[in-house]
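Everything on this sheet refers to the single structure shown next.
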Amino acid sequence: MRLTGAAREIRPGHKALVSILRSQRRAYNLAVVGGGITGLTSAWLASHNPKCTSVTLLEKEPRVGGWLQSEKVPVDGGHVLFEYGPRTLRSSFPGSMPLLTMMWDLGMFDQIITTSRKSPAARNRFIYYPDRLVKIPTLDLSSPSASINSIINTFQTLRSEPVFENVMSSFLFEPTKPPRPHSEWQKDESIASFIGRRFHPKMAENLVSAVMHGIYAGDIDQLSAQTILGSLRNMDADGILKGMLDCAIEKKTPLQMDDMIAWHAVRGRSDEDSEMLVSHMRNVVKESSTFILKGGTQQLVEGLETALNKSDKVKILTGTNIKSMTQQAGRDSIQIQTAEYTSSFDHVIAALPAPALGKILESKEKFPNQKAPPHDTIHKLRSHNYATTIMVINLYYSNPNLLPIEGFGYLIPRSIPAEQNPECGLGVIFASASSSGTNAFYRDREESQDTAPGTKLTIMMGGHYWDGWKDSDYPDHDSAVKMARAMLERHLGITDAPTVARTRLQKDAVPQYTVGHLDRMYSLSKSVRNDFNRRLVLAGNWYTGVSVGDCVRSGMLATLLGTGHWRLGDRPVEDRAWEPWRDYNYKDWEFEGGIPTAPIRIFDFHAGDSKR
Ligand SMILES: C=Cc1c2[nH]c(c1C)Cc1[nH]c(c(CCC(=O)O)c1C)Cc1[nH]c(c(C)c1CCC(=O)O)Cc1[nH]c(c(C)c1C=C)C2
């Protein structure tokens, strides 16, 4: 049942967004290209801007939502919900605030289910190495005796399990490791190189590679340490352990500047439900490390789509192929041509994969007075083309006691040799465990995405192991299910046949931030700004973060800052909360056009700063 008498009544509309969008310049019309979560967020935010006269959302596929895909499958006794893309959303401050605020404004808060930090799904995470599942130790500090026991157990596990070989000694010696030579500080390196250099290559192989499988399905030899481990890498000069100790003593936390900007932008609320929103968001972040939606991530898509369909400013064009995107000499507006029509837009937010945008810009369509093709931008977009492909296999078993252990699931590191991982397995999620929890609005309600008992498992395979594969190389549905079952038998001893098996090959699903990513994105952003006079904005998972929260933040920054209709520092002085960018020369930061992101990526948040 969708809410919520209570929350509806206390939601007086979108005063918040209207108030931050007040300081507008001229009226403008907007095209958003790409109907994934970034594009939907951008269109939704723009639709609340009184100066935005129309929003046209163009999507190539017949549906919007992109990688957010959930399916309710009827089974004996009810239904189970399968996810084919992202499933759990991270709950953290300030990273989740823009997403949670948007969900509140969409009236979806009562559809959020939080997973307690104390639940097995949050605490029990496993790594498969070398031929068994090993739990990653977590400290239980709930009482003095629990703390002592858990420290002793952790110590024993770290000493006895081969997956943790060298971990203790590499932590011990980390402070003695020299930093990189000063001349190389700015130079990026791979995650394998950074972790191997500061800790031990075995730690990179056995532990960090598994984590990177779970996030990027990527290879630690290629992924960028500067982009992905930025805050740790900033501690290279004095040592990471010392850096972390300093953070604990000085009560400081490295935070992303973009997160703070997006949070600042959406929290400028003056409406009466703002206190209630903040208190509910605080509960979500305090009590859970992840949250889900009762109807799956698809529900967020539907919430946004419904809101957009209600707005008479918004047109959603699905199944629409763009033939060209051009500018005319002497004009700033951008012309978009589809099979049906050609239209001119004051601003365009491109929330589609970088190579797909490159292809559109490369189009040979000719118009009178057309500017020369933006070769520099096209070249940079087309060479930013590496994403991993994942086969997602969802299995349902009617037996609720199928699993020998409780937890989130397990990840497989790249140190497992090919003979022992012929399926190219990346990990297995015990999906039933993370499908239930507490309602974020009604804290006394326990809820689940599934109405039928049983066990849901998701097996992921492929990723960087399948780089360079042709379409004909990928397993089909039957082979994928067979491979998944072979993995489950080998790893968990499960021989039962699943009642339901659904597979989906997610081609080029996770863009890879490889060594040098930040420099390349800076250069791409500059080219786009120059080539399109700041009228073209790039947003989404190809640029500044691959998670759902990152995409929502990116969509918001694109709409607010990227179109130049809001500026950092626009808010009146008396209304100003703590603004960390004021410690830097933020007035010189460029956000309009290109990739809207702060040049200072990470800053140290000191406890008490927000009261300044
Ligand atoms: C379709 C497969 C995906 C894989 N990674 C991602 C997708 C969409 C993206 C992703 N996964 C995680 C993160 C970081 C956390 C966040 O900020 O949201 C991102 C950006 C972590 C994660 N990985 C898996 C789960 C269930 C989660 C959620 C958060 C958590 O509880 O830690 C599982 C998983 N994802 C992928 C694989 C191979 C895998 C294996 C078990 C690839």
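Ligands are counted one by one from 1 in listed order, and the atoms in each one are counted from 1 as well.
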May I have the step-by-step check of side chain to side chain donor-acceptor pair (under 3.5 Å) for Q298 and S70, ending in yes or no?
CA-CA 5 Å; Q298 175 75 35; S70 332; 4.8 Å; no
Looking at K507 and D471, does any basic side-chain N land under 4.0 Å from a carboxylate oxygen?
yes
N-O pairing of D550 and R553 below 4.0 Å
yes
Spacing of D259 atom CG and F605 atom CZ [to the nearest 0.5 Å]:
12.5 Å
Test T388 against H464 for side chain to side chain donor-acceptor pair (under 3.5 Å), laying out the working first.
CA-CA 6 Å; T388 47; H464 66 99; over 6 Å; no
Is the cationic atom of R504 (NZ for Lys, CZ for Arg) positioned less than 6.0 Å from the six-membered ring centroid of Y84 and within 45 degrees of its normal?
yes
Distances under 3.5 Å, N/O of ligand 1 against N/O of the protein: list each pair and its distance.
residue: ligand 1; atom: 5 (N); partner: G214; partner atom: O; Å: 3.3
residue: ligand 1; atom: 5 (N); partner: I215; partner atom: O; Å: 2.8
residue: ligand 1; atom: 11 (N); partner: G214; partner atom: O; Å: 3.2
residue: ligand 1; atom: 23 (N); partner: G214; partner atom: O; Å: 2.7
residue: ligand 1; atom: 31 (O); partner: R125; partner atom: NH2; Å: 3.0
residue: ligand 1; atom: 32 (O); partner: R90; partner atom: NH2; Å: 3.1
residue: ligand 1; atom: 32 (O); partner: R125; partner atom: NH1; Å: 3.0
residue: ligand 1; atom: 32 (O); partner: R125; partner atom: NH2; Å: 3.4
residue: ligand 1; atom: 35 (N); partner: G214; partner atom: O; Å: 2.9

